[in-house]
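Only one structure is covered here, and it is reproduced in the block below.
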Amino acid sequence: MNRLQSVRGMHDVLPDEAQLRRRIEQVWMEVAHGFGYEEIRFPLVESTELFRRSIGEATDIVAKEMYTFEDRNEDSLSLRPEGTAGCVRAAIQHGLIPNRQQRLWYLGSFFRHERPQKGRLRQFDQFGVETFGMCGPDIDAEILLLGWQGWQRLGLSPRLVLNTLGNPDERLIWRKQLVEYFSQFESQLEEDDRRRLKTNPLRLLDSKSKSIQDLLEEAPQLENLLGEESRTHFDGLRETLDAHGIDYAIDPRLVRGLDYYDFTVFEWVEESLGAQSALGGGGRYDRLVEQLGGRATPAAGFALGLERIRECLEATATTAVDVYLVALGEEATARMCALGMQLREQMPDLRIRTNMEAGSMKAQLRRADKSGARAVLIMGEEELSQKSVVLKFLRGPEEQQTVLLDNIKSALAEHFAPTG
RNA sequence: GUGAGCGUAGCUCAGUCGGUAGAGCACAGGAUUGUGGCUCCUGAGGUCGCGGGUUCAAAUCCCGUCGCUCACCCCA
């Protein structure tokens, strides 16, 4: 019988790392909160149809990376591979969209059946924001400012890469020109690139193959096809970013792999991560709401890969408790347990760990030391009869003292100032 | 889906020419009875990823498989 293990590409998060993960999540939740965004939660499973219609049939995500299955009613369901589709579906279903502005954020797990590697898991966590009902470049700028504040608070400074994909008409023309251009060189193209030329020619732009990169030098540029609206939008976004002193680079080759983007697209990139270097990305998707059955509504958003962000941060986990409770003998153990409950009620910020499995004084103090506790309370026969407890400090020069049970709260309060 | 490298104790790793396993850290107990950390002693802990093959004998050689890592691909 094989030893049970987690499924491929789906990792456990152990206590050391969990703490850092929680910090990252907290930063983003607080930043979104501070911008007046509201939380939304939606299911991990949706009908497969939803993802086909939003992300696009031809994308790799839908074509070969989804966890798709039939349930007992023979309905085709899929584990969500990204957040935007489900968020939009939920917003439409509950009337969150028409005739108003909406700013939402979400946090959760997503699933893609890809070959795992650094920065790429089959189950991964994302934080994302989606906004509806605002068509100007100022909302594009706002979500970038929101992101910028998050990076600041985490002490990171990923490179912001920006591009515009124009409107669908402009893009269609560009796409045709690209296909024509690359078709001349079809015989020189590698198999992957030839396939892309057929199915998703825009993706040739970010191909890593040398031949493509060389050919791109002379390839038709979308910039030359952009109309008034597209230009004004992009310029407006850039002005706002400049006004806030936010650094960015324009990369005309940034296209992204989901079909629903228009106008603005962007990524935050941290090169040191290796091949999977995008910490997050997003853009504007003005057609998606209508495409999914809602009233036409402009929209913009982004998503961040929490595991990748974690990779950039040092684990400085401190799982230390504050106070460790040591007791000798049955009666003292029971009395100490009660004292612990009392103190947790009186001082809810304190982390108080009770010794289990008895053990000698030596063993208990050793566990206290390992727990990282700054102070320990000790109760034995003597203290029991005196209605007192020994307060001993493990980390500082303070002498240990015997404290009456009635005074223990104030004695602790002297050494553990309430935080936050 | 493709390619390369790697799977030995909880962790990091050693293991020669095939002769059925070791270290450090971590863990538990002790060094005169109720005081942690440092030191010393002792102990516990291993289906050598899994399955098959070759052999008198496999952690070691061969095949398969699962997993990890990195890259392609793709994206967060």
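Under the side chain to side chain donor-acceptor pair (under 3.5 Å) rule, A/Tyr37 has a single partner from A/Glu130, A/Glu142, A/Gln102, which is A/Glu142. Of the residues A/Glu170, A/Arg171, A/Glu223, the one that meets the side chain to side chain donor-acceptor pair (under 3.5 Å) test with A/Ser230 is A/Glu170.
Counting non-hydrogen atoms under 4.0 angstrom, A/Gln123 reaches nothing in the nucleic acid. Heavy atoms of A/Glu382 sit under 4.0 angstrom from at least one base atom. Residue A/Lys118 is in sugar-phosphate contact alone, with no base atom involved, counting any heavy-atom pair closer than 4.0 Å across all strands shown. Heavy atoms of A/Ile309 sit nowhere under 4.0 angstrom from any nucleic acid atom. Base contact: A/Gln400 has a heavy atom under 4.0 Å from a base atom. At the heavy-atom level, A/Gly329 lies nowhere under 4.0 Å from the strands shown. A/Arg115 comes within contact range of at least one nucleobase, with a heavy-atom separation under 4.0 Å.
Comparing atom distances between the A/Pro116 side chain and each of B/rC74, B/rG36, B/rU69 picks out B/rU69 as nearest. In the set B/rG29, B/rA76, B/rU2, B/rA76 carries the atom at the smallest distance from any side-chain atom of A/Arg308. Taking only side-chain atoms of A/Asp369, from C-beta outward, the nucleotide of B/rU35, B/rC73, B/rG36 with the closest atom is B/rG36. With B/rG30, B/rA71, B/rA76 as the choices, the nucleotide that has an atom nearest any side-chain atom of A/Lys362 turns out to be B/rG30. Distances were taken from every side-chain heavy atom of A/Lys370 (C-beta onward) to each of B/rC27, B/rC72, B/rC73; the shortest belongs to B/rC27. Comparing B/rC75, B/rC74, B/rG36 against the side chain of A/Glu65 picks out B/rC74 as the nearest. Of the candidate nucleotides B/rG34, B/rU35, B/rG1, B/rG34 has the atom nearest to the side chain of A/Glu381. The side chain of A/Met361 lies closest to B/rU35, out of B/rC74, B/rC75, B/rU35.
Mapped onto RNA chain B by nearest heavy atom, A/Gln117 and A/Ala303 fall at different nucleotides, with A/Gln117 at the one closer to the 5' end. Between A/Leu279 and A/Leu328, the residue anchored nearer the 5' end of RNA chain B, judged by the nucleotide with its closest heavy atom, is A/Leu328.
Judged by Watson-Crick or G-U wobble contacts below 3.5 Å, the nucleotide B/rC38 has no partner. A 3.5 Å limit on both hydrogen-bonding distances identifies B/rG53 as the Watson-Crick or G-U partner of B/rC61. Nucleotide B/rU33: unpaired (no Watson-Crick or G-U wobble partner with both distances less than 3.5 Å). B/rC13 is paired with B/rG22 under the Watson-Crick or G-U wobble criterion, all donor-acceptor distances under 3.5 Å. Figure legend. B/rC27 is base-paired to B/rG43; pairs are counted as Watson-Crick or G-U wobble with both atom distances under 3.5 Å. B/rA71 and B/rU2 make up a base pair, with Watson-Crick or G-U wobble contacts both under 3.5 Å.
Rounded to a whole Å, the CD atom of A/Glu82 is 10 Å from the C1' atom of B/rA76. Going from atom CD1 of A/Ile143 over to atom P of B/rA76 covers 13 Å, rounded to whole Å. Atom-to-atom, CZ of A/Arg367 to C1' of B/rG29 comes out at 11 Å; the value is rounded to the nearest Å. Regarding A/Tyr261, its OH atom lies at a distance of 10 Å from the P atom of B/rC75, rounded to whole Å. Regarding A/Phe124, its CZ atom lies at a distance of 11 Å from the C1' atom of B/rC74, rounded to whole Å. Between A/Asp16 atom CG and B/rG10 atom C1' there is a gap of 13 Å when expressed in whole angstrom units. Across the protein-nucleic acid pair, A/Leu202 atom CG and B/rC74 atom C1' stand 15 Å apart, rounded to whole Å. Atom CG of A/Asp193 and atom C1' of B/rC74 are 13 Å apart (whole Å).
If you take atom C1' in B/rA14 and the same atom in B/rU8, they sit 10 Å apart, rounded to whole Å. Here, B/rG36 and B/rG24 have their P atoms 24 Å apart, quoted to the whole Å. Comparing B/rC48 with B/rA28, their C1' atoms are spaced 25 Å from each other, to the whole Å. B/rA59 and B/rG49 are spaced 12 Å apart, taking the C1' atom of each and rounding to whole Å. To the nearest whole angstrom, the two P atoms, one in B/rC11 and one in B/rC73, are 34 Å apart. Taking atom P in both B/rU60 and B/rG18, the straight-line distance is 12 Å, to the nearest Å. Here the separation of B/rU20 from B/rU12, taken at their C1' atoms, is 25 Å to the nearest Å. When the C1' atom is compared between B/rG52 and B/rA58, the two are found 13 Å apart, to the nearest whole Å.
When only modelled atom types and interatomic distance are considered, A/Glu218 and A/Tyr181 share no side-chain donor-acceptor pair under 3.5 Å. Side chain to side chain, A/Glu49 and A/Ser76 fail the donor-acceptor criterion of an N or O pair below 3.5 Å.
Close to B/rU69, at under 4.0 Å from its OP1 or OP2, lies a side-chain N or O of A/His11. Taking side-chain N and O atoms only, A/Arg395 has no distance below 4.0 Å to OP1 or OP2 of B/rG36. A close approach under 4.0 Å does not occur between any side-chain nitrogen or oxygen of A/Arg195 and OP1 or OP2 of B/rC73. At B/rA76, one or more side-chain N or O atoms of A/Arg256 fall inside 4.0 Å of OP1 or OP2 (strictly under the cut-off).
Judged by distance alone with a 3.5 Å cut-off, no donor-acceptor contact links the side chain of A/Arg120 to the base of B/rA76.
Salt bridge annotation for A/Arg159-A/Glu271: present, with a cationic side-chain nitrogen under 4.0 angstrom from a carboxylate oxygen. Remark: A/Asp369 does not engage A/Arg366 in a salt bridge, criterion side-chain N to carboxylate O under 4.0 Å. Salt bridge A/Glu311/A/Lys118: present, at least one basic N to carboxylate O contact under 4.0 Å.
Under the 3.5 Å distance criterion, the side-chain polar atoms of A/Trp174 are matched with a main-chain donor or acceptor of A/Pro220. Under the 3.5 Å distance criterion, the side-chain polar atoms of A/Arg395 are matched with a main-chain donor or acceptor of A/Ala373. The backbone N or O of A/Lys362 lies less than 3.5 Å from no partner atom in the side chain of A/Arg367, so there is not a single donor-acceptor pair.
RNA chain B is contacted by A/Gly274, A/Ala275, A/Gln276 of residues 264-276 of chain A, taking any non-hydrogen atom closer than 4.0 Å.
A pairwise comparison of heavy atoms in A/Arg308 and A/Leu273 identifies O-CD1, 3.9 Å as the closest pair.
In this structure, A/Arg353 forms no cation-pi arrangement with A/Tyr324, as its terminal cationic atom is not both closer than 6.0 Å to the ring centre and no more than 45° off the ring axis.
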